[in-house]
Each structure stands twice: as structure tokens, then as C-alpha cells.
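Working notes, beginning with the structure itself.
Numbering of ligands and ligand atoms starts at 1, following listing order.
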Amino acid sequence: MSFTTPERVPPRLNRSQLFAPGVRPALFEKAAASQADVICLDLEDSVAPGDKPQARANVIQALKTVDFGTKSISVRINGLDTHYCYRDIVDIMEQGGERLDLIMIPKVGVAADVYAIDMLLTQIEAAVGRKKPVKLEVIIESVMGLNNIDAIAGSSKRLESLHFGSADYAASAGMRTTNIGGPNADYVVLTDKDSAGKRETHWSDLWHYSAFRMVAAARAHGLRPIDGPFGDYSDEAGFLAQSRRSAVMGCEGKWAIHPSQVALANQVFTPPADEVKRAEAILEAMKDGAQKGMGAVALNGRLIDLASIRQAEVIVRQMQLIRERTKG
Ligand code: COA
Ligand code: MG
């Protein structure tokens, strides 16, 4: 192991992150009653320019009155290239009270974007005497953001998670696709001819590189990597496939842009029961082994060692959080 060890941010359950547009306050209570781990009240791209002040007022009202229980609450502010951004922060922080947990910054391009928001938050928190510092989540959704992702990931002590946003990224990169977060029939490889002269088309994952890159940058800085939206909310199988592949890569959760995606995300990002059982058995076996002075032991015919402990601990810790959430 390197002498430099990333310090992990405190764990926060983030299997599903349900978005609700700031202009539809009727959805806030419904989101609060859902099984989503994080609720994100949106002031950005689901709100038309003329509706920004009303959306802000709705969100402030919700922060003060809606019972969100033990869920984490986030507000997605407008980007730093708009004049809505400063007003979002000032009004939410001065008038929204203590309930807010997270601010989501969209379209982050350089580390200084996060620095600027951190500076503003720090001043306002001191001025209003806020007890609990607001934490940050950022969306990587531009070519500049992806290029600068390491610096962004290390930009602020408030930062907890990186999110990949495929729709804006596609626009920024000039990609010829309009499918939000799913595959594309033109992003394929054609196999060589087999002995019968037949060729097969194999679909590739258009989002592989960016998701993989995000997971690496996030984990290298102790942050949570979270996969962004899957636009076709009527395609359950497509959502599940995309979520499973993100989970395998190391993501801790995924956005839900419709309530029907919440249970699917929770299902995929909850470690499977047999995996939890095996992780618990590994920790037990290693405890026994340690008492006997052994660093590597066998469990059901397979080698387990100190690396297995680290993997098992992650799963067991995640399961503890899920059990705490689902009992309350
Ligand atoms: N949060 C909570 N409840 C929601 C919801 C949300 N985001 N979206 C829909 N619902 C509720 C509806 O009110 C409806 O409730 P009912 O059965 O009590 O009437 C039920 O879920 C089914 O909704 P449906 O009719 O299928 O959806 P819709 O046409 O009202 O809205 C969307 C569809 C996509 C416009 C809406 O889900 C939405 O705005 N999603 C978030 C978009 C967003 O914020 N995007 C920014 C991030 S990418
Ligand atoms: Mg976006």
C-alpha cells in the first residue's frame, strides 16, 4: 500500500437518489414518503428560467416543513455560469434552516468551481451560525470536468461524492446520441467472419470509460462514485442492466428520475444476501485465524487473506447502514 492513504468520507447511504423538480412541490411529499436514500430537489435543468424564483421559494418552504425522516436531502443549484447560482446558495442557506445535508453542483469543469462554492458556503454558515456544515456533491458532465476530474475530486473538504451525468456530457463531447445513460446501436464492434462467413454485432458500453474514470477519481480521494440518470424510465430491464454494471465497477448508487426506478436502484445497490453472509463469514474466519497467528486462511476451499478482509468490511459496513435505514 502507498504511504498516501485516501481518507474515506463518512458513509452515507446513496443507493438511490430521487430527483424532484423545484417547480412541482406536490412531488416533495411523495418523494419524502418513497424509499429513496437521497432526495434531490432540483433548481437546475428541470426548471425553466422564468420559474427559478418560484422553485427556490418552494424548495425553501419544503426544507422547513416537509418531514423527510432519516433521508439525506440535497438541492441541485444552477451552474456557476448562470446568475441564478449565487442567489440559489444565498437564499437556500439563509432561509432554508438546518435540514439540508447536501448541495449538488452541476457541470463542474475545474477545481476552482468547487472552491468558489465552498468559500461562499463557509461565509454564509458563519454568518447564520449554522451548526452542521453542508456537504457537496458534484456532477461530472462535460469534457472539461472529465479532463480535470482528479483535481475536482480533491478540491474541497466538503466534497462527498462524484456523479456522472451522461446527457450533458454527450452534448459537451458532441456525441451523436440522444439516449440518456443507455447504450447506442451504432456503438458496436463487428466480429471477423467465422468459418461459415457469418459476422456478429457486439454492443459496447458507450459509458464505460467515463464511469470507470469517475470511480477511480472518486475512490482515490475517498469519495462515493454515483451513477447518473437512465432516461427511459419505462425500461426496467435496461435500468437494471445499467445499474448492475455500475455496481460491478464500484458505484454506490444511481439516480432515479422517476419513482419507479427507486426500488430497482435499492435492489441493485444492496449487497446480495449471500455476499453479506460470505463477508461476515470471512471476518469471522480471519478473526479466528488472527488468534492463531495466521494471515491467510481457507474458507470453503478458497483462499482468504488481508485483502479479503478489506473487501468484506466494505460490504458489512454498507449492510449496517441499510439495516439502520430500513428499520426506521
Ligand atoms: N418524485 C416523487 N413522485 C413522483 C415523481 C418524482 N420525481 N415523479 C412522479 N411522481 C409521482 C406522480 O406524482 C404520480 O403520483 P400519483 O400516482 O400519486 O399520481 C406517480 O409518481 C406516477 O407518476 P407519472 O404520472 O408516471 O409521472 P409524471 O408524468 O407525473 O412525471 C417525470 C414524469 C419524468 C416528468 C417526473 O417523474 C419528473 O419530473 N422526474 C424528475 C425529473 C428531474 O428532476 N430531472 C432532473 C434530474 S435528471
Ligand atoms: Mg445535467
Side-chain angles (χ1 to χ4, degrees), residues 14-49 51-52 54-56 58-59 62-63 66-69 71-82 84-85 88 102-109 113 137-146 149 152 161-175 177-182 207 210-211 214 226-236 238-239 242-243 246 253-266:
N14 204 159
R15 295 168 302 170
S16 52
Q17 182 146 357
L18 177 62
F19 281 74
V23 276
R24 290 184 70 185
L27 297 188
F28 299 168
E29 293 277 359
K30 294 184 188 185
S34 76
Q35 295 304 311
D37 290 336
V38 182
I39 306 292
C40 188
L41 308 175
D42 187 28
L43 299 176
E44 200 219 10
D45 279 355
S46 69
V47 177
D51 295 333
K52 299 287 187 192
Q54 186 57 53
R56 235 178 251 136
N58 294 342
V59 166
L63 289 172
V66 176
D67 179 5
F68 289 104
K71 293 177 167 52
S72 294
I73 305 305
S74 170
V75 170
R76 182 167 76 169
I77 59 172
N78 287 281
L80 284 94
D81 59 329
T82 73
Y84 308 116
C85 179
D88 290 343
L102 299 155
I103 283 183
M104 174 176 267
I105 319 173
K107 300 183 180 73
V108 168
D113 288 343
E137 31 186 25
V138 305
I139 319 178
I140 302 299
E141 50 184 342
S142 64
V143 286
M144 207 203 295
L146 195 59
I149 194 165
I152 292 169
S161 54
L162 300 185
H163 301 239
F164 182 73
S166 48
D168 276 303
Y169 184 84
S172 159
M175 287 163 78
T177 187
T178 51
N179 177 348
I180 300 179
W207 308 107
S210 39
M214 174 186 70
I226 307 292
D227 194 20
F230 185 82
D232 183 358
Y233 58 84
S234 60
D235 180 6
E236 189 170 306
F239 182 89
Q242 210 63 12
S243 303
S246 306
K254 187 162 175 65
W255 291 11
I257 53 136
H258 186 270
S260 60
Q261 295 180 332
V262 170
L264 304 176
N266 284 352

For atom 40 (N) of ligand 1, is some protein heavy-atom partner under 4.0 Å away? yes
Salt bridge or not between Lys71 and Asp37? Use side-chain N to carboxylate O under 4.0 Å. no
If you count the atoms of ligand 1 from 1 in the order shown, which ones are under 4.0 Å from a heavy atom of Asp42? 46 (C)
Between Asp232 and Ser234, do the side chains contain an N or O donor and an N or O acceptor separated by less than 3.5 Å? yes
Return yes if some donor-acceptor pair links the side-chain N/O of Asp235 with the main-chain N/O of Gly238 below 3.5 Å, else return no. yes
Is it true that the side chains of Gln17 and Glu137 contain a donor and an acceptor less than 3.5 Å apart? yes
So, using side chain to side chain donor-acceptor pair (under 3.5 Å) as the criterion, who are the partners of Trp255 when residues are at least two apart? His163
Start with the C-alpha gap between Asp113 and Ile105, add the side-chain angles, then the distance that decides, and say whether side chain to side chain contact (heavy atoms under 4.5 Å, CB included) holds. CA-CA 9 Å; Asp113 288 343; Ile105 319 173; 5.7 Å; no
Geometric N/O contact His258 with ligand 1, under 3.5 angstrom: yes
Has Asn58 got a side-chain atom pairing as donor or acceptor with Gly22's backbone, closer than 3.5 angstrom? yes
Does atom 16 (P) of ligand 1 have any protein heavy atom closer than 4.0 Å? yes
Can you pull out the closest protein heavy atom to atom 46 (C) of ligand 1? Residue, atom name and distance to 0.1 Å, please. Arg76 NH2, 3.4 Å
Hey, is Glu44 touching ligand 1 through its side chain, its backbone, both or neither, going by heavy atoms under 4.0 Å? neither
Assess, by modelled atom type and distance only, whether the side chains of Asp42 and Ser46 contain a donor and an acceptor separated by less than 3.5 Å. yes
Quick check on contacts: which atoms of ligand 1 are under 4.0 angstrom from a heavy atom of Leu27? 2 (C), 3 (N), 4 (C), 5 (C), 6 (C), 7 (N), 8 (N), 10 (N), 13 (O)
Ligand 1 contacted by Tyr233 (non-hydrogen, < 4.0 Å): yes
With atoms numbered from 1 as shown, which atoms in ligand 1 lie under 4.0 angstrom from a non-hydrogen atom of Pro21? 39 (O), 41 (C), 44 (O)
Compare all side-chain heavy atoms of Ile140 with those of Ile152 and state whether any distance is below 4.5 angstrom. yes
Got an N/O contact under 3.5 Å between Lys30 and ligand 1? yes
Near the Mg ion (ligand 2), protein N/O/S count under 2.8 Å comes to 2
Got an N/O contact under 3.5 Å between Pro259 and ligand 1? no
For atom 7 (N) of ligand 1, find the nearest protein heavy atom and state the residue, atom name and distance (0.1 Å precision). Phe19 O, 2.7 Å
Atom 29 (O) of ligand 1: any protein heavy atom closer than 4.0 Å: no
Please classify the Ile257 to ligand 1 contact at 4.0 Å (heavy-atom distances, strictly less than): side chain, backbone, both or neither. both
Hey, what's the ring geometry for Phe230 with Phe239, parallel, tilted or perpendicular (30° and 60° as the breaks)? perpendicular
Separation of Tyr233 OH from Leu264 CG (nearest 0.5 Å): 14.0 Å
With heavy atoms and a 4.0 Å threshold, my read on which part of Ser46 contacts ligand 1 is side chain
Any protein heavy atom nearer than 4.0 Å to atom 2 (C) of ligand 1: yes
Pairwise side-chain contact, Leu41 with Ile39, heavy-atom cut-off 4.5 Å (strictly under): yes
Does the pair Glu44/Lys107 count as a salt bridge with the N-to-O cut at 4.0 Å? yes
Of all the non-hydrogen atoms in the protein, which one sits nearest to atom 31 (O) of ligand 1, and at what distance? Arg24 NH1, 3.3 Å
Side chain to side chain, Asp88 and Val75, heavy atoms closer than 4.5 Å: no
